[in-house]
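Below is one structure, written out as structure tokens; comments come after it.
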Amino acid sequence: MDDGHLIPYIDSLKSTLKNSGYSVSSKNIVIKHGRVRAGYACGEILFGKRNTSESKGIVHIIGERPGSGHHNFSAYLTTAPTSTWTNSGTVDHNISKVVSGISDTSLTPKIAAKQTKTILDRMFTVI
């Protein structure tokens with residue numbers, strides 16, 4: 001939650017994705033003390049009612065464990081057809097990618113946002 005970390009990443013990511021034609025929610029979901037699978041559960045709630053082959057994705061941000069000295073965070077990227085989001089517990093680590101070490105002293109938020117977009121492009125193309 002350091003200045004120059006999370007908000008610049010989110011702002012840059014949303015702008016980059018919108019400018020590339022992605023549909024991006026204006027709202028953020030915040031879960032305190034959640035783990036990676038909490039993001040998957042959010043995807044099930046958001047996309048699991050459609051049951052189509054259309055792909056939807058989430059970017060969920062998890063703070064790193066203390067000790068690195070960078071106060072960094074990671075962005076977990078998950079895309080799947082809505083028919084997969086429909087099956088509770090099906091979306092898991094095996095279909096997710098991660099951009100880790102994001103902070104103003106390591107992988108900067110703006111560079112991380114560009115990398116996130118590049119990885120999402122690939123993930124949506126593969127599906």
Tell me whether Ser20 contacts the main-chain N or O of Thr16 through its side chain, where contact means a donor paired with an acceptor under 3.5 Å. yes

Is the side chain of Thr82 donor-acceptor paired with the backbone N or O of Thr52 at a distance under 3.5 Å, no angle test? yes

Verify, without hydrogens or angle tests, whether Thr125 (side chain) and Asp121 (backbone) share a donor-acceptor contact under 3.5 angstrom. yes

Validation row: Ile62, Phe73 side chains within 4.5 angstrom (heavy atoms): no

Taking atom NZ of Lys114 as the centre, does the number of heavy atoms from other residues, nucleotides or ligands within less than 6.0 Å exceed 12? no

Taking it one step at a time, do Val91 and Trp85 satisfy side chain to side chain contact (heavy atoms under 4.5 Å, CB included)? CA-CA 7 Å; Val91 173; Trp85 289 108; 3.6 Å; yes

Could you tell me whether a side-chain N or O of Glu44 sits under 3.5 Å from a main-chain N or O of Gly89, the two making a donor and an acceptor? yes

Does one side chain, of Ser100 or Ser74, offer a donor that lies under 3.5 Å from an acceptor on the other? no

Quick one, Ile61 with Ile10, criterion side chain to side chain contact (heavy atoms under 4.5 Å, CB included). Give me CA distance, side-chain angles, the key distance, then yes/no. CA-CA 10 Å; Ile61 299 166; Ile10 290 173; 3.9 Å; yes

Going by the angle between their ring planes, with limits at 30° and 60°, are His60 and Tyr40 parallel, tilted or perpendicular? perpendicular

Rounded at 0.5 Å granularity, tell me how far OG1 in Thr79 sits from CD1 in Ile119. 11.5 Å

Side chain to side chain contact (heavy atoms under 4.5 Å, CB included) assessment of Val99 paired with Leu77: CA-CA 8 Å; Val99 177; Leu77 324 175; 4.3 Å; yes

Between Lys14 and Asn28, is there a side-chain heavy-atom distance shorter than 4.5 Å? yes

Rounded to the nearest 0.5 Å, what's the gap from CD1 on Ile102 to CD on Gln115? Could you check? 8.5 Å

Take Val59 and Leu120, measure what side chain to side chain contact (heavy atoms under 4.5 Å, CB included) needs, and give me the verdict at the end. CA-CA 9 Å; Val59 176; Leu120 284 172; 4.0 Å; yes

For residues 96-117, which residue pairs qualify under ring-ring contact (aromatic ring centres under 6.0 Å, His included), counting only residues two or more places apart or in two chains? none

So salt bridge (charged side-chain N to carboxylate O under 4.0 Å, His left out) across residues 86-101, not counting sequence neighbours, yields Arg37-Asp92

Do Val36 and His93 have side-chain heavy atoms sitting under 4.5 Å apart? yes

Applying side-chain contact (heavy atoms from CB on, under 4.5 Å), name anything that partners Ala113, two or more places apart in sequence or on another chain. Tyr9, Ser12, Leu13

Quick check: is Val98 connected to Phe124 through a chain of hydrophobic side chains (ILVMFWY, heavy atoms under 4.5 Å apart)? no

Check: Thr86 side chain, Gly48 main-chain N or O, donor-acceptor pair, under 3.5 Å: yes

Spacing of CG belonging to Asp11 relative to CD1 belonging to Ile7, to within rounding of 0.5 Å: 6.0 Å

Does the Lys56 side chain pair with the main chain of Leu46, one donor and one acceptor, at a distance under 3.5 Å? no

What distance separates Leu17 CG from Ser23 OG, expressed to the nearest 0.5 Å? 10.0 Å

Kindly work out whether a path of hydrophobic side-chain contacts (I/L/V/M/F/W/Y, heavy atoms less than 4.5 Å apart) joins Ile45 to Tyr76. no

Measure the spacing between OG1 of Thr84 and CG of Asn51 and express it to the nearest 0.5 Å. 9.0 Å

As an exercise, state the distance from OG of Ser106 to CD1 of Ile111, rounded to the nearest 0.5 Å. 10.0 Å

According to salt bridge (charged side-chain N to carboxylate O under 4.0 Å, His left out), does anything in residues 20-30 pair up with another residue at least two apart or in another chain? List the pairs. none

Listed once per pair and sorted, the salt bridge (charged side-chain N to carboxylate O under 4.0 Å, His left out) pairs that draw on residues 72-83, sequence neighbours left out: none

Using only atom types and a distance under 3.5 Å, with no angle test, would you say the side chain of Ser103 pairs donor to acceptor with the backbone of Thr105? yes

Please identify each residue that fulfils side-chain contact (heavy atoms from CB on, under 4.5 Å) with Ser15, with sequence neighbours left out. Asn19

